[in-house]
Amino acid sequence: MTTLKLRNGDEMPTLGLGTWKSRPGEVHGAVKEAIKVGYRHIDCAAVYANEVEVGNALAECFAKGLVKREDMWITSKLWNDCHASDDVLPALKKTLVDLQLDYLDLYLIHWPVVLKKGVMFPRSAADLVPLDDLPTSVTWARMEEAVDGGLCKHIGVSNFSVPKLRALVESARIKPAVIQNEVHPYLQTADMLDYCEQNGVLLTAYSPLGSGDRPSRMKAADEPVLFEDPAIVGIADRLGVSPAQVLIRWAIQRGTVVIPKSVNPGRIKQNFDAASLTLSDDDMATIAALDRHRRYIGGTFWCPDGSPYTMANLWDE
Ligand code: A2P
């Protein structure tokens with residue numbers, strides 16, 4: 001398993017198993033299968049509502065001696081209703097209990113969006129708190145305390161724009177080690193990758209396969225399907241691999257960490273094997289030309305009528 005170096009010299013496995021949308025009844029088997037196949041990185045979040053099952057699977061694997069805790073990389077994320085000073089560490093501790101771990105390798109602020117305590121998704125603008133009223137700096141101070149206290153080794157953010165990440169990098173005592181954003185050939189965000197490379201932040205690509213299993217409320221009618229893109233299919237056919245494998249290898253070869261989700265044993269293995277492919281310079285150039293700045297996870301759900309969040313201020317574009 002290849003790794004990328006973090007700003008403090010630690011190494012992060014470049015391929016991880018995504019668990020967003022993995023149902024509790026399925027994720028247990030997926031995590032065990034992934035570890036058997038060789039994955040050493042599992043991406044989790046409190047809001048995925050399956051951390052107890054992930055924790056059971058991890059505990060079984062550790063107990064059976066399939067892998068040691070110190071050889072695994074486990075990420076989780078702080079949900080938007082726990083950004084307040086008093087809520088960050090309890091939320092992290094709950095995740096540690098659910099995952100049956102003493103520490104996380106990485107803890108991320110899931111979104112630069114604040115929800116009222118107890119709200120999972122906003123039903124109206126009244127459920128949202130403006131970022132000005134509870135700024136990221138307040139939340140980040142507690143994230144730093146989590147590192148100080150040994151509850152997590154690294155901290156970072158998710159779904160941040162370059163300006164929001166830059167503001168944090170420039171002000172933080174412990175700088176973000178990782179940003180996890182949606183990245184795939186239709187949303188390459190070269191500006192973010194450049195910023196990360198120049199500032200010692202690793203970029204993790206989520207929804208690398210286009211997250212076709214998203215709930216329908218998160219889907220647009222006219223969505224382009226990455227797996228069906230003629231250029232991706234053409235490269236896959238020529239190499240005798242699947243379109244998913246091309247997408248995963250592209251992400252790794254581009255210098256990002258990548259976390260494809262699967263609960264299917266055959267696809268878990270297939271995705272793992274993608275790490276050892278090589279794409280030619282021509283293939284990389286062909287895929288580079290597919291960029292269309294198309295988000296699948298736009299974040300419109302944070303922007304009901306009257307919300308302090310708009311698509312413009314969320315992404316700073
Ligand atoms: P499944 O879990 O049944 O394998 P993303 O990682 O972008 O969120 O995409 C996840 C979606 O892609 C899920 O629907 C998942 O289904 C599917 N998927 C994962 N790996 C593959 C693969 N190798 N080939 C086809 N579909 C895949």
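Note that ligands are numbered from 1 as they come in the structure, with each ligand's atoms numbered from 1 the same way. Fair warning: this is a prediction, and the values are worked out from it, not measured in the lab.
- Considering backbone and side-chain atoms alike, Trp20 places every N or O at 3.5 Å or more from each N or O of ligand 1.
- Counting atoms of ligand 1 from 1 in the listed order, those under 4.0 Å from a heavy atom of Ala244 are 22 (C), 23 (N), 24 (N).
- Using a 3.5 Å distance cut-off with no hydrogens or angles, the side chains of Gln180 and His110 do not pair a donor with an acceptor.
- Looking at heavy atoms from C-beta onward, Arg254 lies in side-chain contact with Val183 at the 4.5 angstrom threshold.
- Here Tyr195 pairs with nothing under the ring pair (Phe, Tyr, Trp, His ring centres under 6.0 Å) rule; sequence neighbours left out.
- Contact annotation: for Phe227 versus ligand 1, heavy atoms closer than 4.0 Å belong to the side chain alone.
- The N/O atoms of Pro260, backbone and side chain alike, include none that comes under 3.5 Å of an N/O atom in ligand 1.
- Heavy atoms of Lys261 found under 4.0 angstrom from ligand 1 belong to the backbone as well as the side chain.
- Using a 4.5 Å heavy-atom cutoff, the side chains of Tyr296 and Glu223 are in contact.
- By the 3.5 Å distance cut-off applied to N or O atoms, Gly210 is counted among the residues near ligand 1.
- Contacts between Pro208 and ligand 1, counted as non-hydrogen atom pairs separated by less than 4.0 Å, involve both the backbone and the side chain.
- Between Ser242 and ligand 1, not a single N/O pair is under 3.5 Å apart.
- Judged by the 6.0 Å distance and 45° axis criteria, Arg295 is positioned over the aromatic ring of Trp315.
- Every atom of ligand 1 with a heavy atom of Ser207 under 4.0 Å away is listed here by number and element: 7 (O).
- For CG of Asp148, the number of neighbouring non-hydrogen atoms (other residues, nucleotides, ligands) closer than 6.0 Å is greater than 12.
- Because its NZ or CZ atom is not both nearer than 6.0 Å to the ring centre of Tyr48 and within 45° of the ring axis, Arg23 does not count as a cation-pi partner of that residue.
- Of the protein's non-hydrogen atoms, Asp213 OD1, 3.7 Å is the one closest to atom 11 (C) of ligand 1.
- When only non-hydrogen protein atoms are considered, atom 12 (O) of ligand 1 lies nearest to Leu209 CD1, 3.9 Å.
- With a heavy-atom cut-off of 4.0 Å, Ser211 touches ligand 1 through backbone and side chain alike.
- For the pair Arg267 and Phe272, the cation does not sit on the ring face, since its NZ or CZ is not both under 6.0 Å from the ring centre and inside 45° of the axis.
- Among protein heavy atoms, the minimum distance from atom 22 (C) of ligand 1 is reached at Arg267 CD, 3.3 Å.
- For the salt bridge (charged side-chain N to carboxylate O under 4.0 Å, His left out) criterion with Asp87, the lone passing option out of Arg142, Lys94, Lys93, Lys117 is Lys117.
- Residue contacts with ligand 1 for Asn271 involve side-chain atoms from C-beta outward but no N, CA, C or O (heavy atoms, distance under 4.0 Å).
- Contact annotation for Lys21 and ligand 1: only side-chain heavy atoms (C-beta onward) come within less than 4.0 Å of the ligand.
- With sequence neighbours excluded, no residue forms a ring pair (Phe, Tyr, Trp, His ring centres under 6.0 Å) with Phe62.
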